[in-house]
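Worksheet: one structure, shown below.
Computed from a prediction, not measured in an experiment: that's the story for all the values here. Scope of the values below: all heavy atoms of this structure, side chains included, with no hydrogens, waters or symmetry mates.
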Amino acid sequence: MIARIISGVFIVFIGLSARGLAEPPANTDPTVKYVGTKTCVQCHEAQHLSYLDTKHSESMERVDPDKEVSSASFHHESSGNDYQVLRRGDDLIHREILRGPDGAELARTEHPIVFTLGSGTHGKSYVYHDGSHFGQSPLSWYQDTGKWSMSPGYDVPFHPGFGRKLSSECFFCHVGDIDRKNGNPNEFSILEEKIGCERCHGPGEKHVARYRENPKFAGADDTIVNPSKLSRELSEAICQQCHLQAAGKAMLANKDEWDYRPGLPLTDFRIDYQYRLGDDTMRVVGHVEQLHMSKCYQQTESLTCITCHNPHQTVPAESTIEHYRKICLSCHNDQSCGEPHAKRVEIAQNDCSQCHMPAQGTEVPHTAFHHHRIGIHSGQATSVEPAVGLSPVLDVAELPGMVRKRCEALAKFQVAQEDPGNPNFRDYGIEAAKALIEVKNAGQADADATTILAMLARSQGQSAIAQDLASEVVARERVPSRPRLESLRLLANLAYQRRDFAEAAKYYREVTELQSEPFDYFQLGVSEQNSGNTEQAIEALSKTIELAPQHVNAHRFLAAIYQSRGRGDLAARHSKLAGQHAMRLQRLQEKTQE
């Protein structure tokens, strides 16, 4: 066993591999229940108060308009939209105004904000709730510039506006606990708004029961996880559940992000993949890969996340240089640096991290984070080796071969979907299909694998096979899970294409109950109208426009329906809006090609 005290952080690493531990903590059992931070605080008030001083405790908060810059407006040049932040009573309102080429207002969408995402150190994003689903505001606050601007990914001519819905996966790294209604990842309530004690220490039911039964218990306590007493792999897994997100990710069969429990290997639940070896560019969540590339990490068993980051301690700003220097000097000495002391003070205030973990820009605008590859950084871009395929970030050698094959296929499908123009992913669809056929023939295909195989079959023109596979998922997957949703959507689309509109409408009705997307509502509206259900068609098409005011075809279809029903006023209104939005989108398209 290796034990060290580094800058007030007690670190113990047991000399066994993570999977070699004889007995994991008792609360890793999936039947052990969470009790909530309020219960933990009854006995651990001091630890809780120290945690509240850290940024982790501020990863998500219920919005307080008094703490926000609540009066702002700006014009977004790329999209031509106007944005406003305003106060209305006790609500903070975010508003988007779409304008035509002549500057006339075409549509206005606004939502009261319910939550902020992010600690505010670098910035914050904002969340609204429309009554059934959570969504992201297109506006974010950037602390480094002290200004409102477009959220990450929105600073482009064509963006989703308020149309980006947030699933339970999106909240995984920001909240303590959620309640998914009937298993639907798109409709849930938030039980604990802040990241709480149990996200790092595991569920507390057994721990609470032990000390209520015997308040003076003083033996070895296996009912709760103490990260400092885990092996390095298991200790890091607690951090990696949020700080590891590479090019692609695949959950193991019948697992979900929320199934992970501290004290267990992360790879028992998911596998994260990288696809560029030697790529030293900075990413917001690239810390894990970067740290593992560091010689400091590779040459010791004791260096890990909590060596530098104590989750219960905030380092005062005036003490940060000395604090982190002490950690470096626990292994190095002052003469280890190749630069003389006077120069180190001159160029970096003798701060090791400025040179060896320099702040670099990320894909998030107006934001920089410290590079986590500890080493010599020349300031020049590292040459990028050619992409050589996906490889797991963490060691998965002990997982069965068929499990690894399935997960790699799912990750290939994901990255190819997210970046379809990337030539490195050109063959990923075929490769994923071949692997998943093998998994299916081996009798090891779960609902996720079968759904993706159905989608791949459809993309390769095998509609009959896609129909059979999707039908199998819908028949077996009774809860409103993601595989059921995607299989229903696939069956709806197949029915629509063969012009079986009654069948398509049946499937699209269920899809729109599970997820609120304008494409599905539009397809439902057309299917309903072609099935003779005009009132239902108007309702679905109106919902399409509510979610996506610029949906040209929804306006056109409504104009035709209203015209056929003798409602010339409404027909003219939607016809005019269709023309104005079409012209606006055409102008934007021309602008992007200039």
Would Arg270 and Asp272 count as a salt bridge (Lys or Arg N to Asp or Glu O under 4.0 Å) here? Give the steps. CA-CA 7 Å; Arg270 80 180 203 223; Asp272 294 83; 2.7 Å; yes
Using side-chain heavy atoms (C-beta onward) and a distance below 4.5 Å, is Phe74 in contact with Trp148? yes
Whether over 12 other heavy atoms sit under 6.0 Å from Glu45 CD: no
Carefully, step by step, assess Val225 and Cys200 under the rule side-chain contact (heavy atoms from CB on, under 4.5 Å). CA-CA 8 Å; Val225 170; Cys200 296; over 6 Å; no
Counting heavy atoms not belonging to Lys591, are there more than 12 under 6.0 Å from its NZ? yes
Tell me whether Arg199 forms a cation-pi arrangement with Trp258, defined as NZ or CZ under 6.0 Å from the six-membered ring centre and within 45 degrees of its axis. yes
Going by an N to O cut-off under 4.0 Å, is there a salt bridge joining Asp351 and Arg325? no
Got Ile271 and Leu399 here, is their nearest side-chain heavy-atom distance under 4.5 Å? yes
Before giving the answer on salt bridge (Lys or Arg N to Asp or Glu O under 4.0 Å), spell out for Arg482 and Asp256 the whole-Å C-alpha distance, their side-chain angles and the decisive distance to 0.1 Å. CA-CA 11 Å; Arg482 185 173 287 108; Asp256 181 88; 5.3 Å; no
Would you mind reporting whether Val156 and Tyr154 have side-chain heavy atoms less than 4.5 Å apart? no
Do Glu77 and His75 touch side chain to side chain, with heavy atoms closer than 4.5 Å? yes
Residues Gln42, His48; criterion side chain to side chain donor-acceptor pair (under 3.5 Å); working and verdict: CA-CA 10 Å; Gln42 294 175 17; His48 178 63; over 6 Å; no
Do Phe134 and Phe188 have ring centroids that are under 6.0 Å from one another? yes
Arg95 side chain to Leu86 backbone, donor-acceptor under 3.5 Å: no
Give, for atom CD1 of Ile113 and atom NE2 of His129, the distance between the pair rounded to the nearest 0.5 Å. 12.5 Å
Side-chain atoms of residues 158-177: list all donor-acceptor pairs with protein atoms under 3.5 Å, sequence neighbours left out, distances to 0.1 Å.
{"unit_1": "His159", "atom_1": "ND1", "unit_2": "Gly161", "atom_2": "N", "d": "3.1"}
{"unit_1": "His159", "atom_1": "NE2", "unit_2": "Tyr83", "atom_2": "OH", "d": "3.1"}
{"unit_1": "Arg164", "atom_1": "NH1", "unit_2": "Gln136", "atom_2": "OE1", "d": "3.3"}
{"unit_1": "Ser167", "atom_1": "OG", "unit_2": "Glu169", "atom_2": "N", "d": "3.3"}
{"unit_1": "Glu169", "atom_1": "OE2", "unit_2": "Lys249", "atom_2": "NZ", "d": "2.7"}
{"unit_1": "His174", "atom_1": "ND1", "unit_2": "Ser59", "atom_2": "O", "d": "3.1"}

Restricting to non-hydrogen atoms, name the atom on Gly204 and the atom on Ile224 that form the minimum distance, rounded to 0.1 Å. CA-CD1, 4.1 Å
As an exercise, state the distance from CZ of Arg404 to SG of Cys407, rounded to the nearest 0.5 Å. 10.5 Å
Does a donor on one side chain sit under 3.5 Å from an acceptor on the other, for Asn27 and His201? no
Answer yes or no: is there a donor N or O on one side and an acceptor on the other, between the side chain of Ser57 and the main chain of Leu52, under 3.5 Å? yes
Glu68 side chain reached by Thr116 side chain, heavy atoms, under 4.5 Å: yes
Atom CG in Leu264, atom CG in Asp259: separation rounded to 0.5 Å? 11.0 Å
Pair Arg88, Glu110 - check salt bridge (Lys or Arg N to Asp or Glu O under 4.0 Å), show working. CA-CA 12 Å; Arg88 182 183 295 147; Glu110 62 179 42; 2.9 Å; yes
Is any side-chain heavy atom of Asn81 closer than 4.5 Å to one of Ile97? no
Interatomic distance, NZ@Lys326 vs CD1@Ile321, rounded to 0.5 Å, equals 13.5 Å
Would the distance check show the side chain of Gln298 and the main-chain N or O of His292 forming a donor-acceptor pair, the cut-off being under 3.5 Å? yes
Is there side-chain contact between Pro265 and Thr267, with at least one heavy-atom pair below 4.5 Å? yes
For residues Glu198 and Thr37, is any side-chain donor paired with an opposing acceptor at under 3.5 Å? no
Where Leu588 and Pro157 come nearest, the two heavy atoms and their spacing: CD1-O, 3.9 Å
Counting heavy atoms not belonging to Arg87, are there more than 12 under 6.0 Å from its CZ? yes
Candidate pair Cys308 and Tyr324, rule side-chain contact (heavy atoms from CB on, under 4.5 Å), full reasoning: CA-CA 7 Å; Cys308 300; Tyr324 292 114; 4.1 Å; yes
Give a yes or no on this: more than 12 heavy atoms of other residues, nucleotides or ligands lie within 6.0 Å of atom CG of Asp66. yes
Between Asn226 and Ser228, is there a donor-acceptor pair closer than 3.5 Å when you use the side chain of the first and the backbone of the second? yes
Step by step, would you call Tyr211 with Phe217 a ring pair (Phe, Tyr, Trp, His ring centres under 6.0 Å)? CA-CA 7 Å; Tyr211 282 90; Phe217 178 83; 5.7 Å; yes
Assess whether side-chain contact (heavy atoms from CB on, under 4.5 Å) is satisfied between Leu191 and Ile178, documenting all intermediate values. CA-CA 5 Å; Leu191 300 178; Ile178 65 169; 5.6 Å; no
Let me confirm one number: the NZ-SG distance from Lys38 to Cys40, rounded to the nearest 0.5 Å. 12.5 Å
Work out which heavy atom in His332 is nearest to a heavy atom in Cys296; give both atom names and the distance. NE2-SG, 3.7 Å
For Gly118 against Lys124, the heavy-atom pair lying closest together: O-CG, 3.7 Å
Pairs touching residues 407-420 that satisfy salt bridge (charged side-chain N to carboxylate O under 4.0 Å, His left out), sequence neighbours left out: Glu408-Lys412, Lys412-Glu431
Does a sphere of radius 6.0 Å around NZ in Lys206 hold more than 12 heavy atoms from other residues, nucleotides or ligands, not counting ones at 6.0 Å or beyond? no
For Ile306 and Ser235 the tightest heavy-atom approach is CD1-OG, 3.8 Å
Distance (rounded to the nearest 0.5 Å) between Leu117 CG and Ser140 OG: 9.0 Å
Thr300 side chain vs Ser302 backbone, donor-acceptor pair below 3.5 Å: yes
Output yes when a side-chain donor or acceptor of Thr28 lies under 3.5 Å from a complementary backbone atom of Pro24, and no otherwise. no
Heavy-atom nearest pair, His76 first then Asp155, reads NE2-OD1, 2.7 Å
Using the ring centroid of each side chain, check whether Tyr126 and His94 are separated by less than 6.0 Å. yes
Indicate whether the side chain of Asp221 and that of His207 have a donor and an acceptor atom separated by less than 3.5 Å. yes
Answer whether the closest heavy-atom distance between the side chains of Lys55 and Thr314 falls below 4.5 Å. no
Side chain to side chain contact (heavy atoms under 4.5 Å, CB included) with Lys67: which residues, sequence neighbours excluded? Asp64
Under the side-chain contact (heavy atoms from CB on, under 4.5 Å) rule, what do Tyr297 and Arg232 come out as? Steps first, then yes or no, please. CA-CA 11 Å; Tyr297 182 88; Arg232 178 159 78 167; 3.4 Å; yes
Check whether more than 12 heavy atoms from other residues, nucleotides or ligands sit under 6.0 Å from atom CD of Glu318, and answer yes or no. yes
